[in-house]
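All figures in this text were calculated on a predicted structure; none of them were measured in a lab. Read the numbers this way: they start at 1 and go in the same order the structure lists the ligands and their atoms.
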Amino acid sequence: MDHLNKSQEVLEIPEREPARQQYFTEKCAELVSELSKSLGRPLTCCINTFGCQMNARDSEKLLGILEKMGFEESDSEKSDLVLYNTCTVRDNANQKVYGRLGQLGSIKKKNPSMLIGLCGCMMQESAVVEKIKKSYPFVDVIFGTHNIYKLAEIMYNRLTGKKMVVDIQKEAEEIVEDLPVERKYPFKSGVNIMFGCNNFCSYCIVPYVRGRERSREPEEILAEIRRLVADGVVEVMLLGQNVNSYGKNLKNPVTFAELLRRVNEIEGLERIRFMTSHPKDLSDELILAMKECDKVCAHLHLPLQSGSSRILKAMNRRYTKEDYLNLVERIREAMPEISLTTDIIVGFPGETEEDFEETLDVVRRVRFDSAFTFIYSVRRGTPAAAMEQVPEDVVKVRFDRLLKEVQAISAEVCGRDVHTVQKVLAEVMDDHQEGYVTGRLSNNTVVHFPGDESLIGKIVDVYLEESKGFYYMGTMR
Ligand code: 5AD
Ligand code: SF4
């Protein structure tokens, strides 16, 4: 009888997506509902997200699926399901996950029916999965970056079995559209325009864990944004590891600049942001589109990584110090108000004092609004891992010097709009000051001003009264 049911079930399971996952979501919903009846309370889930905007967006999709299964969101790690969406771009991200997994293990000892899941970039590394199987056998499900859409099926397999379920796809396959999503903010949203990266910067693990570049069809992107706008979204952040190479692999190629112009036409949408741009691919066509599209925000994140042409070559970045400075000049010529932010790595293998001073030189010349600075971290399997490393103490001293420089400049440039009235998107209630709202200018700078809950999600005029270095205090006009 059992056998018959099983084969009947197999016949019922749709092969194609997203129908297949809808089927498993319903199956899970039945199981979750039974469990919750027996417990006399709803089941809770907590998703902990590490890393970049891409992971943040993936977590919204994961939560969307879990809510369809009947889980209620919670921020407690004592939830019935705790899912870590991991990052592996630098080793400290990995270490954090191992540390917290140890703590989760103790919580699970007290509550054996608790489920623990791991997904995201770290899980695409086979050595990591082996370590977890061996040292953290209490983990229930493991999946990677290419199959988050399969969460329902993976959860179903775990709920109907006893063992840890490990489901890692080595390569990305189709892009699965139309999955449920639960947004963190009702008024703004990330929108994936492409997945993966083909650049293979020699320090970076992303191409290995996120696979080759795949662009979504422009119609799918535009339809998603229109749906979001109808649902109250006023700001979108177009997401891709290298948005400037968007559309190259489509059957009918489209440039990122063309996409931007089409997104800009969507009625009801107020702000467009995008991340991340690679300097080697940022075209004049894009600069013009940014300048001409009124909804595109006055902010560009343009990772420099190093100011030394020699190091940039070893990093396989495919631009020189001069190319970068030249690009910044063209961008500023077209958009004098634009705020520029960047990423910089200190201590890349072979970096000398002279190389490092080239980086400081670019920082002083460009005067970034802010810069994320990172100590180079060896990533297994990347070309730079085999190169000669810079001693840790040398790197630490350089890192502190760079940070000081970056912060001093940033404190000077961030306040340039003081005593003007600017459009601000009110985003959250201020956690530090009762009766204050925190919002963002088009150029991404934060401003706090008196206001209430009713303003959240609205764009309002704010007078910037005082610059505090990295943020403003203001009042509504
Ligand atoms: N070590 C340090 N920083 C890194 N990044 C990427 N890989 C590494 C690494 N191995 C930084 C880059 C990138 C940002 C997201 O992370 O600056 O732009
Ligand atoms: Fe990594 Fe370079 Fe791709 Fe960015 S462009 S994700 S740094 S390989």
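- Close approach to Val89 involves these atoms of ligand 1, each under 4.0 Å from a residue heavy atom: 6 (C), 7 (N), 8 (C), 9 (C), 10 (N).
- Annotation for ligand 1: atoms under 4.0 Å from non-hydrogen atoms of Gln305 are 12 (C), 13 (C), 17 (O), 18 (O).
- In this structure, Lys131 forms a cation-pi arrangement with Tyr98, its terminal cationic atom sitting closer than 6.0 Å to the ring centre and no more than 45° off the ring axis.
- The shortest N/O to N/O separation between Asp343 and ligand 1 falls below 3.5 Å.
- Each protein N/O/S atom under 2.8 Å from atom 1 (Fe) of ligand 2 was counted, for a total of 1.
- From the protein, the heavy atom lying nearest to atom 7 (N) of ligand 1 is Tyr203 CD1, 3.3 Å.
- Applying the side-chain contact (heavy atoms from CB on, under 4.5 Å) criterion to Glu270, with sequence neighbours excluded, gives Val234, Ile459.
- Only the side chain of Phe374 comes within contact range of ligand 1, with a heavy atom under 4.0 Å; no backbone atom does.
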Using distance only, find each side-chain donor-acceptor pair of residues 383-395 under 3.5 Å and give its atom names and separation, not counting sequence neighbours.
{"from": "Gln389", "atom 1": "NE2", "to": "Ala384", "atom 2": "O", "distance (Å)": "3.2"}
{"from": "Gln389", "atom 1": "NE2", "to": "Met387", "atom 2": "O", "distance (Å)": "2.7"}

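- Close to ligand 1: Ile375, with a non-hydrogen atom less than 4.0 angstrom away.
- Interface of Ile345 with ligand 1, defined as ligand atoms under 4.0 Å from a residue heavy atom, comprises 3 (N), 4 (C), 5 (N), 12 (C), 17 (O).
- The closest side-chain heavy-atom distance from Tyr149 to Glu177 is not below 4.5 Å.
- By the 30° and 60° cut-offs, the orientation of the rings of Tyr319 relative to Tyr324 is tilted.
- Taking atom 16 (O) of ligand 1 as the reference point, the nearest protein heavy-atom neighbour is Arg90 NH1, 2.8 Å.
- Neither the backbone nor the side chain of Arg210 comes within 4.0 Å of ligand 2, counting heavy atoms alone.
- For the pair Asn199 and Asn316, the minimum side-chain heavy-atom distance is 4.5 Å or more.
- Any N or O atom pair closer than 3.5 Å counts here, and Arg379 shares no such pair with ligand 1.
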Using distance only, find each side-chain donor-acceptor pair of residues 45-54 under 3.5 Å and give its atom names and separation, not counting sequence neighbours.
{"from": "Asn48", "atom 1": "ND2", "to": "Glu77", "atom 2": "OE2", "distance (Å)": "2.5"}
{"from": "Thr49", "atom 1": "OG1", "to": "Ser59", "atom 2": "OG", "distance (Å)": "2.7"}

